[in-house]
Amino acid sequence: MALRADDLIDRRRLRRKLTFWRVVAIGIVAVGVIALSAWFYGDDFGGSTVDHIAKVKIEGTITEDEELIERLETIRLSSKVKGVILSIDSPGGTTVGGESIYEEVRKLAADKPVVAEVGTLAASAGYMIASAADHIVARKTSIVGSIGVLIQYPDVSGLMDKLGVKLEEVKSSPLKAAPSPFKPTNDDERAMVRKLILDSYDWFVGIVAERRKMTREQALALADGSIFTGRQGVANGLIDAVGGETVAVDWLATKGVDAKLKVVEWKDTERRGGFLFSKAMAQTIGSALGLPAYSGDVIHELGADRLFLDGLVSVWHP
């Protein structure tokens with residue numbers, strides 16, 4: 001019995017030692033991976049540690065995006081970024097979302113040369129953001145324009161009548177909570193909404209005229225909601241040149257940026273964020289632990305997030 005007790009004590013001591021050294025080894029590996037990620041991605045895992053041209057993709061439906069604004073600010077403050085390419089592929093989105101990103105791009109352009117490279121589409125709020133750049137390039141068959149603002153809402157009053165459903169309400173004033181999908185819009189409500197639309201539209205036309213060096217009359221002639229190909233955009237002064245990333249880099253070279261610098265994409269830190277800190281890694285670990293996967297990215301990729309836009313929108317197709 002004495003031998004068995006001693007054996008048990010020795011085994012427990014050995015297990016403690018093994019556990020200690022395992023923890024130490026995991027800690028060393030974790031520190032090494034963090035250090036490697038910091039070296040590879042640079043400060044705050046944002047970009048390269050050498051001089052480069054930063055590329056930022058703005059894709060999908062545009063809404064208020066705090067992460068993107070913070071990323072643009074980090075790029076502005078980085079001494080390693082010598083020029084910026086905004087790669088835009090968006091049908092637009094909320095007017096406020098476009099406005100907030102527009103203002104951040106203008107702030108960035110005050111410190112570094114910024115060129116917008118349009119992919120398939122830069123319409124409405126997407127074009128609004130592109131106009132904040134110092135130069136815009138697009139493919140010959142890219143779609144640009146759709147300058148305008150809208151509000152859309154359903155009228156389900158006919159369906160309610162068929163179902164025998166009535167809405168009772170008590171309001172402080174006739175225009176409160178108007179327009180409503182539960183009753184037809186009257187003239188006063190429609191006039192109120194139109195004033196709202198025209199005020200934002202006036203601002204949008206103003207920045208197009210200012211940024212594209214047009215008279216207000218010229219901007220208004222293009223701001224009827226029409227869309228244009230890249231070639232038409234050049235002819236109408238909405239973009240500056242036809243081409244892709246190479247043309248964008250060539251323009252940056254005219255602003256003193258070395259055309260031989262590597263173009264480095266600054267990605268969404270929530271989606272990339274390094275090895276240990278990426279959303280993909282978190283979802284992989286969650287799946288391994290049997291946790292449910294998040295559906296937000298799937299909704300975004302399917303474009304269903306457009307269904308939930310609120311307020312004034314500047315979008316080609318809601």
Side-chain angles (χ1 to χ4, degrees), residues 56-63 65 85-102 105 114-153 193-194 196-245 247-248 300-309 311-318:
V56 178
K57 290 186 177 181
I58 300 175
E59 300 174 316
T61 306
I62 293 167
T63 57
D65 191 336
I85 298 174
L86 296 179
S87 178
I88 301 174
D89 193 351
S90 169
T94 65
T95 308
V96 169
E99 177 188 352
S100 62
I101 299 171
Y102 170 89
V105 173
V114 179
V115 56
E117 176 201 350
V118 178
T120 301
L121 177 67
S124 295
Y127 180 74
M128 181 191 299
I129 295 170
S131 70
D134 301 313
H135 195 76
I136 305 175
V137 301
R139 297 291 182 180
K140 295 176 183 178
T141 55
S142 296
I143 295 175
V144 296
S146 186
I147 301 166
V149 183
L150 78 154
I151 287 181
Q152 290 184 330
Y153 49 90
V193 174
R194 182 163 178 77
L196 191 72
I197 292 290
L198 289 179
D199 184 69
S200 292
Y201 174 70
D202 180 70
W203 171 80
F204 195 171
V205 172
I207 66 169
V208 171
E210 176 188 353
R211 295 300 306 147
R212 301 308 303 168
K213 296 179 174 58
M214 299 177 179
T215 65
R216 184 168 182 81
E217 289 70 26
Q218 289 174 321
L220 280 170
L222 299 170
D224 60 355
S226 295
I227 53 174
F228 306 91
T229 65
R231 296 202 307 168
Q232 291 173 326
V234 172
N236 288 313
L238 291 176
I239 67 173
D240 298 290
V242 169
E245 185 175 294
V247 175
H300 177 78
E301 292 301 327
L302 292 175
D305 52 347
R306 299 183 198 175
L307 298 175
F308 306 104
L309 295 179
L312 291 170
V313 296
S314 185
V315 63
W316 180 32
H317 278 172

Over all atoms of both residues, closest heavy-atom pair of [X] and [Y]:
X    : Y    : answer
A138 : V118 : CB-CB, 3.7 Å
A132 : V105 : CB-CG1, 3.6 Å
E117 : E245 : OE2-N, 3.4 Å
V205 : A223 : CG2-CB, 3.8 Å
S124 : P91  : CB-O, 3.9 Å
A209 : T215 : CB-O, 4.1 Å

**Item:** Partner set under side chain to side chain contact (heavy atoms under 4.5 Å, CB included) for D199, not counting sequence neighbours
**Value:**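 Testing D199 for side chain to side chain contact (heavy atoms under 4.5 Å, CB included), a comparison that skips the adjacent residues, returns none.
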Could you name each residue pair satisfying salt bridge (charged side-chain N to carboxylate O under 4.0 Å, His left out) that touches [range], not counting sequence neighbours?
range            : answer
residues 124-134 : R106-D134, D134-R211
residues 215-229 : D202-R216
residues 118-128 : none

**Prompt:** What's the verdict on side chain to side chain contact (heavy atoms under 4.5 Å, CB included) for L198 and R194, showing C-alpha distance, side-chain angles and the deciding distance?
**Reply:** CA-CA 6 Å; L198 289 179; R194 182 163 178 77; 3.9 Å; yes
Distance check, rounded to the nearest 0.5 Å: [X] atom [atom1] versus [Y] atom [atom2]?
X    : Y    : atom1 : atom2 : answer
S142 : I88  : OG    : CD1   : 11.0 Å
L220 : M214 : CG    : CE    : 11.0 Å
T229 : I239 : OG1   : CD1   : 8.0 Å
R139 : L121 : CZ    : CG    : 15.0 Å

**Message:** Can you see whether T94 engages T63 through a side-chain donor-acceptor pair at a distance of less than 3.5 angstrom?
**Reply:**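 Not at all, the side chains of T94 and T63 share no donor-acceptor pair under 3.5 Å.
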**Request:** Take I58 and D65 through the side chain to side chain contact (heavy atoms under 4.5 Å, CB included) test and state the conclusion after the steps.
**Result:** CA-CA 10 Å; I58 300 175; D65 191 336; over 6 Å; no
**Message:** Do V144 and I136 have side chains that approach each other closer than 4.5 Å (heavy atoms only, starting at C-beta)?
**Reply:**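 Side-chain contact under 4.5 Å: no.
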**Item:** Exam field: side chain T61 to backbone G93, donor-acceptor pair closer than 3.5 Å
**Value:**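 No; judged by distance alone, with no hydrogens or angles, the pair does not exist.
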**Prompt:** For the side chain of S90 and the backbone of G92, is there at least one donor-acceptor N/O pair under 3.5 Å apart?
**Reply:**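 It does hold such a pair.
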The criterion is side-chain hydrogen bond (donor to acceptor under 3.5 Å, both in side chains); which residues satisfy it with [X], sequence neighbours excluded?
X    : answer
E210 : none
N236 : none
T141 : none

**Request:** Might you work through the side chain to side chain contact (heavy atoms under 4.5 Å, CB included) test for E59 and T120, ending with a clear yes or no?
**Result:** CA-CA 10 Å; E59 300 174 316; T120 301; over 6 Å; no
**Item:** Where at least one partner belongs to residues 125-151, residue pairs that pass ring-ring contact (aromatic ring centres under 6.0 Å, His included), sequence neighbours excluded
**Value:**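 Sorted result for residues 125-151: H135-W251.
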**Pairs meeting criterion ring-ring contact (aromatic ring centres under 6.0 Å, His included) with involvement of residues 213-237, two or more places apart** =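 For residues 213-237: none.
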**Request:** For R212, enumerate each residue passing the salt bridge (charged side-chain N to carboxylate O under 4.0 Å, His left out) test, keeping only those at least two apart in sequence or located in another chain.
**Result:**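 For R212, the residues satisfying salt bridge (charged side-chain N to carboxylate O under 4.0 Å, His left out) (neighbours in sequence not counted) are D240.
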**Stepwise side chain to side chain contact (heavy atoms under 4.5 Å, CB included) check, I129 with I62** = CA-CA 10 Å; I129 295 170; I62 293 167; 3.4 Å; yes
